[in-house]
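Please read the structure below before turning to the comments.
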Protein chains: 2
Amino acid sequence: MAKFNEEYRGELEVNKNISSSLEDYLEALYLIYIEHKIVKAIDISRALNVSRASTTEALKKLAEKNLINYGRYGVISITDEGAIKAQEVIKKHNSLYNFFKSVLGASHTEAQDNACKIEHIVSKDILERIVAFTDYYSKNFGDDFKKKYFS
Amino acid sequence: MAKFNEEYRGELEVNKNISSSLEDYLEALYLIYIEHKIVKAIDISRALNVSRASTTEALKKLAEKNLINYGRYGVISITDEGAIKAQEVIKKHNSLYNFFKSVLGASHTEAQDNACKIEHIVSKDILERIVAFTDYYSKNFGDDFKKKYFS
DNA sequence: TTATAATGTTAGGCATGTCTAACAGATGTT
DNA sequence: AACATCTGTTAGACATGCCTAACATTATAA
């Protein structure tokens, strides 16, 4: 019953919730699209360090959910809906990254690696609090903490 | 080769890295052990909301890795090594929970749910920073942020 | 334009983690 | 002790996500 509601909410056909894995593919695809205006599957494979075969399968699934436009040997593009979803993930990523870097004083790599994983599971509520906190803290206390503990 | 090194580091036999899922089972088992001094598989099933069958399989895997003592229809206990690992996970959980709750002002449920997921993937470095920051912030600024943004 | 290289697809396999159904063993009640 | 119930195990299934190897298609360079 819960399942019924979820699956048929919104677009009435496809469940738009996607796995962490698919989110990674969509995010990579979006970033490549923004940068090159054209997306080749092999660039996604390279970005994510997976085989070409894995990328093909992921693309099929994203297309099924209408998040990208894609056909056999065809041009790949992102739908409006896909772009929104990708932007959401990227926003989460950047918010987490900023918090780790500017508030906690973590290295680029640490901030990056953790953001990449946590972006898929952090809730909206916590994310919003992190964003507000990062802003608040930066304005009021700058990098007091970084200076005191990590220098 | 990287695999070789990992698998044969330390105890020379078993790879002690465990999945998020197994970490959940170990954590639940540990908490039940602490509370009741005795662990029944069905209590783990109930705690994690999984079938008895899934718990049986998880117990087999934890035993293979020498994190618990366990045999068919036998008494279940945790090894020293398993206890250390469980405590590490629980420490991560509590540190994240405290940060979400006392610094960000999140609700019990939000703090709990997010901690449960993030505990498995956050790095040692970031975790340490979160612990230090929570301490530092609580001492110096109390709940300024909570008051300002979430009341 | 044709051979070669690069990219994309498919088939088949493997690992993890979950489930249900059926069976096995242990426990408790009378 | 015997039956009923609870708990644990196994077998078999399914979903996800990854891989390699072989094949298909497209792109590039001679």
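Worth saying up front: this structure is predicted, and the values here are computed from it rather than measured. Chain naming here is simple, since letters A, B, ... match the order of the sequence lines and numbering starts at 1 in each.
- One atom, NZ of B/Lys60, and another, P of C/dA15, lie 16 Å apart when rounded to the nearest Å.
- Residue contacts for B/Ser19: at a heavy-atom cut-off of 4.0 Å it reaches the sugar-phosphate backbone alone, with no base atom in range.
- Residues meeting the side-chain hydrogen bond (donor to acceptor under 3.5 Å, both in side chains) test with A/Ser21, sequence neighbours left out: none.
- The stretch residues 67-76 of chain A participates, sequence neighbours left out, in these side chain to side chain donor-acceptor pair (under 3.5 Å) pairs: A/Asn69-A/Ser77.
- Under a 3.5 Å cut-off, the side chain of B/Arg52 and the backbone N or O of B/Ile42 do not form any donor-acceptor pair.
- At least one side-chain nitrogen or oxygen of A/Tyr70 sits closer than 4.0 Å to the OP1 or OP2 atom of C/dT9.
- For B/Tyr25, the ring pair (Phe, Tyr, Trp, His ring centres under 6.0 Å) test picks out no residue, with sequence neighbours left out.
- Contacts between chain B and DNA chain D, taken as any atom within less than 4.0 angstrom of a protein heavy atom, begin and end at D/dT7 to D/dT10.
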Report, one pair per line, the protein and nucleotides 20-27 of chain C atoms (nitrogen or oxygen only) whose separation is under 3.5 Å.
unit_1	atom_1	unit_2	atom_2	d
C/dA24	N3	B/Tyr73	OH	3.4

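- Near DNA chain D, meaning a heavy atom under 4.0 Å from it, residues 41-49 of chain B has B/Ala41, B/Ile42, B/Arg46 in order of number.
- For DNA chain C, no neighbouring residue in residues 28-35 of chain B is found when judged by any heavy atom under 4.0 Å.
- Residues satisfying the side-chain hydrogen bond (donor to acceptor under 3.5 Å, both in side chains) criterion with A/Asn98, sequence neighbours excluded, are absent altogether.
- Proximity of B/Ser21 to the phosphate of C/dT18: a side-chain N or O atom is located under 4.0 Å from OP1 or OP2.
- For A/Gln87, the side-chain hydrogen bond (donor to acceptor under 3.5 Å, both in side chains) partners two or more places apart in sequence, or in a different chain, are A/Tyr30.
- With sequence neighbours excluded, the residues forming a ring pair (Phe, Tyr, Trp, His ring centres under 6.0 Å) with B/Phe99 are A/Phe99, listed by chain and number.
- Taking the charged nitrogens against the carboxylate oxygens, A/Lys124 and A/Glu128 do have a contact shorter than 4.0 Å, which makes a salt bridge.
- Applying the salt bridge (Lys or Arg N to Asp or Glu O under 4.0 Å) criterion to A/Lys37, with sequence neighbours excluded, gives no partner residue.
- Aromatic ring centres of B/Tyr136 and A/Phe141 lie farther apart than the 6.0 Å criterion allows.
- Residues A/Asp113 and A/Lys117 are not paired through a salt bridge, judged by the lack of any N-O separation under 4.0 Å between the basic side chain and the carboxylate.
- When the ring pair (Phe, Tyr, Trp, His ring centres under 6.0 Å) test is applied to A/His108, the partners found at least two apart in sequence or on another chain are A/Tyr97.
- With hydrogens and angles ignored, the 3.5 Å screen pairs no side-chain donor or acceptor of B/Ser54 with any backbone N or O of B/Val50.
- If you take NE2 of B/His120 and P of C/dT16, they are 17 Å apart, rounded to a whole angstrom.
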